[in-house]
A.B. asks: 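One structure is given below, represented as structure tokens, and several questions about it will come after.
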Amino acid sequence: SPLRPICDLRVLNHFIKEARDAEVVMKSCREGCSLSESVTVPQTRVEFDVWENKTALEQAQDVQSGLWLLQQALSSLRTSVTNTALHSHIDNSIRNLLSINAVLRSLNIQEYTPPASTAGLEGTWRVSSATDLLQIHVNFLRGKVRLLLLDAQACQQDVS
Amino acid sequence: ARGFEKKVSMLLKEEPENPKCFAEGRKDFTCFWVEDEERAGSVDQYTFTYTYQNENSSRCPLRALPAAGGKRLFVCHLNRTQMFVQMDIQVQRDRTLIHNRSLLIELVFLLDPPANVTASSTGQQGQLNVSWVPPPLKYMDDSMMYEVSYTTADSHMWQVEVAGASSELILRGLQPGTKYKVRVRVKLDGISYSGYWSAWSDPVFMET
Amino acid sequence: ARGFEKKVSMLLKEEPENPKCFAEGRKDFTCFWVEDEERAGSVDQYTFTYTYQNENSSRCPLRALPAAGGKRLFVCHLNRTQMFVQMDIQVQRDRTLIHNRSLLIELVFLLDPPANVTASSTGQQGQLNVSWVPPPLKYMDDSMMYEVSYTTADSHMWQVEVAGASSELILRGLQPGTKYKVRVRVKLDGISYSGYWSAWSDPVFMET
């Protein structure tokens with residue numbers, strides 16, 4: 001079935017606010033909330049000249065590989081965390097990442113094929129702190145994901 | 001529970017498809033259908049299967065409840081959901097498909113009515129200030145819309161005003177010195193989230 | 001230059017941390033701190049170092065400017081920036097750390113006030129239509145929010161209305177036949193981008 005394009009940035013804003021809630025809960029968590037091994041995360045930084053020099057496809061892949069990495073990293077966090085309040089926030093964040101992928105699909109952004117391993121991905125780095133991971137999650141959504149949605153071709157003609 | 005029964009009866013009227021489904025928040029989802037008590041099977045004869053696009057199928061456990069008019073209600077409730085992803089639903093009885101439906105959860109919100117509806121004077125003639133508390137749907141109050149309906153206390157000709165993402169509305173052009181009855185209902189605004197109109201709040205009364 | 005002085009004086013009042021920093025656009029970033037003229041060193045005694053997460057440190061060249069009240073202002077200005085990544089800032093005087101701060105540039109916007117503020121009649125009694133031109137910031141216009149403040153021309157009791165990403169607002173419930181003073185200020189809405197309220201625009205006057 002043809003999906004209607006989700007161009008409304010309030011949807012992303014809701015995901016950002018929930019990601020921020022997870023970050024806050026993590027900051028106040030004292031026990032059972034650490035990563036058992038380091039995880040690979042995407043770069044969140046945006047230098048506008050560099051971003052604008054990328055093609056739409058490069059921008060999309062940058063975002064999609066980042067979303068995929070965050071999904072892997074949060075799943076790994078989910079298994080090492082024992083704090084139940086955090087569990088529900090992490091579960092929710094993972095589901096929201098899947099929903100963001102669905103939003104990208106609705107904008108006709110080409111489907112992303114995840115690599116066999118995180119090793120070959122450019123510009124990634126590793127963190128071993130759960131707090132850092134959740135902060136990177138928020139910064140990635142606020143930055144690159146929002147920029148990609150703002151510029152999405154599918155939302156340019158349709159001003160609704 | 002009272003709210004659930006009301007929602008069931010509203011959807012039985014409004015939604016032709018089966019199972020009938022609704023979301024009350026960002027993390028819950030309920031589906032149900034009814035059968036005649038006489039012809040209905042026992043709950044373990046049925047399976048409710050849902051499949052998000054690109055994922056494996058899952059089962060939602062069913063409960064059976066007695067319902068008005070000699071009916072039996074079969075209910076499945078999920079407390080984790082995914083929005084913006086198509087969900088395919090299949091209901092089987094003894095391995096025979098009886099219901100089949102595809103939907104997007106973010107399009108089937110059915111909220112509780114706005115709470116704490118109050119009407120007060122604005123100090124200006126022929127005006128009433130109506131305010132309410134949006135349903136507690138975290139962060140989504142910016143995507144809700146409302147209908148405020150009002151009538152003089154002895155009439156049944158309701159007038160309707162529409163409000164966007166707001167929690168108050170000023171009614172203007174009312175008859176001075178008259179008692180009015182006011183009620184409010186809510187729904188998602190239809191841009192990214194959508195759904196059904198909630199039930200009307202209980203009416204409040206106020207003189208202009 | 002006039003705008004810069006205004007921003008300095010606003011941040012001196014509002015921001016307790018040092019150095020005080022702000023962004024005016026997508027590619028610029030300014031930090032400053034003040035010292036008493038008497039105790040301040042010469043500009044080359046100071047170094048301003050910044051480090052983005054996972055990168056090498058860089059130096060930002062400093063300028064010293066005389067400021068009001070016998071103060072000296074030390075200013076660093078960058079015209080390339082990275083957003084959505086933590087930046088650690090260190091200020092040293094003669095190799096001794098005097099200021100230390102971490103921030104995200106996209107969270108410290110301090111914009112110019114909205115331009116071309118106009119108030120006009122809507123044709124309805126007791127209403128004024130206020131419009132303005134948003135600051136020209138690519139990617140950020142739907143992340144801005146505004147405050148419109150208004151008062152009768154002879155009063156100093158300002159009323160405030162808040163507008164989302166918009167470039168106009170209708171003020172309602174005003175006194176008919178009265179001259180009003182209206183001004184507008186802007187800030188980023190706090191979700192992807194955040195910061196301080198801008199200065200108020202110069203007031204405009206309009207009769208209802």
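Side-chain atoms are counted along with the backbone in the values below, which use heavy atoms only and exclude waters and symmetry mates. Letters A, B, ... are given to chains in the order of the sequence lines, protein chains preceding strands, and every chain is numbered from 1.
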A.B. asks: If you check both backbone and side chains, which donor-acceptor pairs between chain C and chain A fall under 3.5 Å?
C.D. replies:
unit_1	atom_1	unit_2	atom_2	d
Arg26(C)	NH1	Glu52(A)	OE2	2.6
Lys27(C)	NZ	Asp49(A)	OD1	2.8
Gln53(C)	O	Arg45(A)	NH2	2.4
Glu55(C)	OE2	Arg45(A)	NH1	2.6
Arg80(C)	NE	Glu47(A)	OE2	2.9
Arg80(C)	NH2	Glu47(A)	OE2	2.5
Gln82(C)	OE1	Arg45(A)	NH1	2.5
Met83(C)	N	Val46(A)	O	2.8
Met83(C)	O	Val46(A)	N	2.9
Phe84(C)	O	Thr44(A)	OG1	2.6
Glu106(C)	OE2	Arg142(A)	NH1	3.1
Glu106(C)	OE2	Arg142(A)	NH2	2.4
Tyr139(C)	OH	Glu52(A)	OE2	2.8
Ser143(C)	OG	Arg146(A)	NH2	2.9
Gly190(C)	O	Arg20(A)	NH2	2.9
Ile191(C)	O	Arg20(A)	NH2	2.8
Ser192(C)	O	Arg142(A)	NH1	2.6
Ser192(C)	OG	Arg142(A)	O	2.9

A.B. asks: Enter the distance from Phe84(C):CZ to Leu147(A):CG here, rounded to the nearest 0.5 Å.
C.D. replies: 6.0 Å
A.B. asks: Heavy-atom distances under 4.5 Å only: say whether Met140(C) touches chain A with side chain, backbone, both or neither.
C.D. replies: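 Just the side chain, heavy atoms under 4.5 Å.
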A.B. asks: Side chain, backbone, both or neither: which part of Ile105(C) has a non-hydrogen atom closer than 4.5 Å to chain A?
C.D. replies: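 Contact with chain A involves no heavy atom of Ile105(C) at all.
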A.B. asks: Checking Tyr146(C) now: which residues fulfil ring pair (Phe, Tyr, Trp, His ring centres under 6.0 Å) with it, not counting sequence neighbours?
C.D. replies: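 Partners of Tyr146(C) under the ring pair (Phe, Tyr, Trp, His ring centres under 6.0 Å) test: Trp132(C).
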